[in-house]
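One structure is given here, and the rest of the page talks about it.
Because the structure is predicted, anything quoted here is derived from the model rather than measured. Residue indices begin at 1 and follow the sequence shown.
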Amino acid sequence: MRTLLLGFLCFTLSISYSQTTNDTLPKAEVSTTMQSVQINGKTIYLTAQAGTFQVRDENNKPIALMGHTYYSKDSKTRNNRRPIVFAFNGGPGSSSFWLHMGVLGPKRIVVNDPSSTPAAPYQLVNNNFSILDVADLVIIDPVGTGLSIPVGKAKFKDFWGVDQDIRSLSLFITQFLIAKNRMNSPKYLLGESYGTFRNAGLMNTLLTQGVAMNGVIMVSAVFDLRTLIFPPGDDMPYIAHFPTYAATAWYHDKVTDKPEDVYTFLNEVRRFTEDEYVPSLFKGDRLSEADKKAIAQKLAQYTGTSTDYWVKADLRVTASEFFAEFLRDEGEIVGRLDSRFTGINQDLLAQDGSHDPQSAAISPAYIAGFLDYFYGSLKVNKNTTYSITAGRREGFNWDWKHKGNVRWGTQAAINTGIDMAQALSRDPNMKVLVLNGIYDIATVFYGVEYSIDHLGLKKEIKDNIKMEYYEAGHMMYTHQPSLEKFKKDVAGFILETSK
């Protein structure tokens, strides 16, 4: 996971490392174990290396110990041509155990979907849907998360920012490939949430350094931050979010005479949004009261809310307002990360949602299950403390400035889609797979569609971007049918692009 900008996970285990200011540096430490996974009836034997890797700067000076888990397939002969996937979650400031234990690794946590998972004991099972049958896997925790810390003269703030983060991950990936003799392997990035925002910049940075990706996998994507925040005077986020509000209403049976197929319904919602909602918002105060009420009625019909609510909102409802309003009459709120999940609304007069029911429902299972696996099965040193999120570290403050590219320079509205467009245009063989949960209100699918449609790509380059949709939310892999589709889509993408 995972969560982007505001409201990312508050659960945390703080780390007690002290930064060194002299020439004595903490050393990288790795635990090596033998693991296995059964996929489609076949047992795959793996070497698992979990711990830290020393990262050096451009002048070869150590700047960080980067926490990671590396799964490589055991074979009698070294196979450097086997694909290798570098994966991470988002935040910014989230560690990457969500992807690790949710879908990618040899084991996965089973949670109740879409309801609350009871306390321990949790189910840790063989992951038949892992991608380890088609690729080796490196799961990375950015500095400040997991076991990752700055060393030498480096400080946490040197890694906490859009460009700082891209730089440190590019250094790690390049140096790791060299250290493991994998530079000639087919290479992939897989990021979730802010991890996709990172991916878009990272794929371009690596390319300029001579490290081309075969493919980039975007899970619950965002490229243009305007699609997520709601600044005054900007209609973009309201437009981007509306189809997901409608999808939520469809799922909870709040749409009168709803079509049987949700994708048919969403095509209708897209047409309404583009043909009626957008022009109405563009008029601003010039929109007549009669026209405003007419649009408000349609907005209400598509979202299972009241016309009066949309009129009072001036046709503009933020995500947090929707969480609180949608099921107010039932005394509930809906999930931000997955609007199929619901929770108790303790303040029926609240304008904004109080919490994310999806996070509350699954986080304890993921955290406890991962830590049990990390220190138990992977045998990581128990004297090290794994940091779930950098968000609770003293001084955590993300630097949102981004240099953009040569054409655009520094950006006022941060958008790494520009970097992705440059990478795809300069390397026409590179492919991108985007996975969207239609009930994800954290990174909305219509915002991704808008971003891709405005990259200015030639048609043959744009065709290198493939979109897939799931009837679930941000972590679509908690939903069994979507978990199965995830494996099929990602494994197929890797096999197709690694030939």
Side-chain angles (χ1 to χ4, degrees), residues 4-5 221-251 254-256 258-259 262-323 325-326 336 339 411-415 417-418 421 434 436-457 459 462 465 467 469:
L4 199 79
L5 299 174
V222 60
F223 308 121
D224 183 349
L225 295 189
R226 292 183 308 143
T227 62
L228 299 190
I229 57 180
F230 294 86
D234 190 349
D235 292 330
M236 162 58 66
Y238 300 98
I239 295 163
H241 279 71
F242 181 72
T244 306
Y245 298 164
T248 302
W250 183 95
Y251 177 83
K254 297 294 184 179
V255 177
T256 303
K258 73 175 190 179
V262 66
Y263 297 107
T264 299
F265 175 66
L266 287 177
N267 284 336
E268 178 184 333
V269 172
R270 285 185 181 94
R271 286 192 294 270
F272 162 75
T273 301
E274 295 171 13
D275 296 343
E276 299 184 57
Y277 188 34
V278 170
S280 297
L281 294 185
F282 190 81
K283 289 181 180 179
D285 294 340
R286 294 185 293 108
L287 188 68
S288 70
E289 288 302 313
D291 288 342
K292 176 184 285 190
K293 186 173 183 179
I295 291 296
Q297 288 176 336
K298 293 186 177 181
L299 293 168
Q301 291 169 3
Y302 280 125
T303 59
T305 50
S306 71
T307 300
D308 185 55
Y309 177 73
W310 283 94
V311 170
K312 290 179 179 178
D314 196 27
L315 309 182
R316 297 163 176 85
V317 173
T318 69
S320 188
E321 289 168 344
F322 181 78
F323 304 150
E325 178 65 20
F326 178 62
R336 171 179 177 264
S339 62
Q411 302 169 35
I414 308 305
N415 182 355
I418 296 171
V434 184
N436 307 278
I438 63 173
Y439 303 120
D440 175 7
I441 310 184
T443 55
V444 289
F445 69 87
Y446 198 56
V448 179
E449 294 175 358
Y450 174 91
S451 296
I452 291 175
D453 287 341
H454 290 77
L455 292 179
L457 296 173
K459 182 183 184 305
K462 186 178 179 182
I465 303 175
M467 301 278 281
Y469 298 85

In terms of the angle between their ring planes, are Phe242 and Phe272 parallel, tilted or perpendicular, with boundaries placed at 30° and 60°?
tilted
Ring centroid separation His241 to Phe322 under 6.0 Å:
no
Find the distance between OH (Tyr238) and OG1 (Thr273) and round it off to the nearest 0.5 Å.
15.5 Å
Arg226 versus Tyr450: any side-chain heavy-atom pair under 4.5 Å?
yes
With sequence neighbours left out, the residues meeting side chain to side chain contact (heavy atoms under 4.5 Å, CB included) with Ala313 are Val317
Thr303 versus Trp310, closest heavy-atom pair with distance:
OG1-NE1, 3.4 Å
Residue list, side chain to side chain donor-acceptor pair (under 3.5 Å) with Thr244, at least two apart or on another chain
none
When every non-hydrogen atom of Phe445 is compared with those of Leu266, the smallest separation belongs to CZ-CD1, 3.9 Å
Interatomic distance, Thr248 atom OG1 to Tyr439 atom OH [nearest 0.5 angstrom]
8.0 Å
Quick check on Tyr263: does its OH atom have over 12 non-hydrogen neighbours (other residues, nucleotides or ligands) under 6.0 Å away?
yes
Scanning both residues in full, the closest heavy-atom pair of Asn436 with Met467 reads ND2-CE, 3.5 Å
Atom of Ala300, atom of Ser306 and distance for their closest heavy-atom approach
CB-C, 3.5 Å
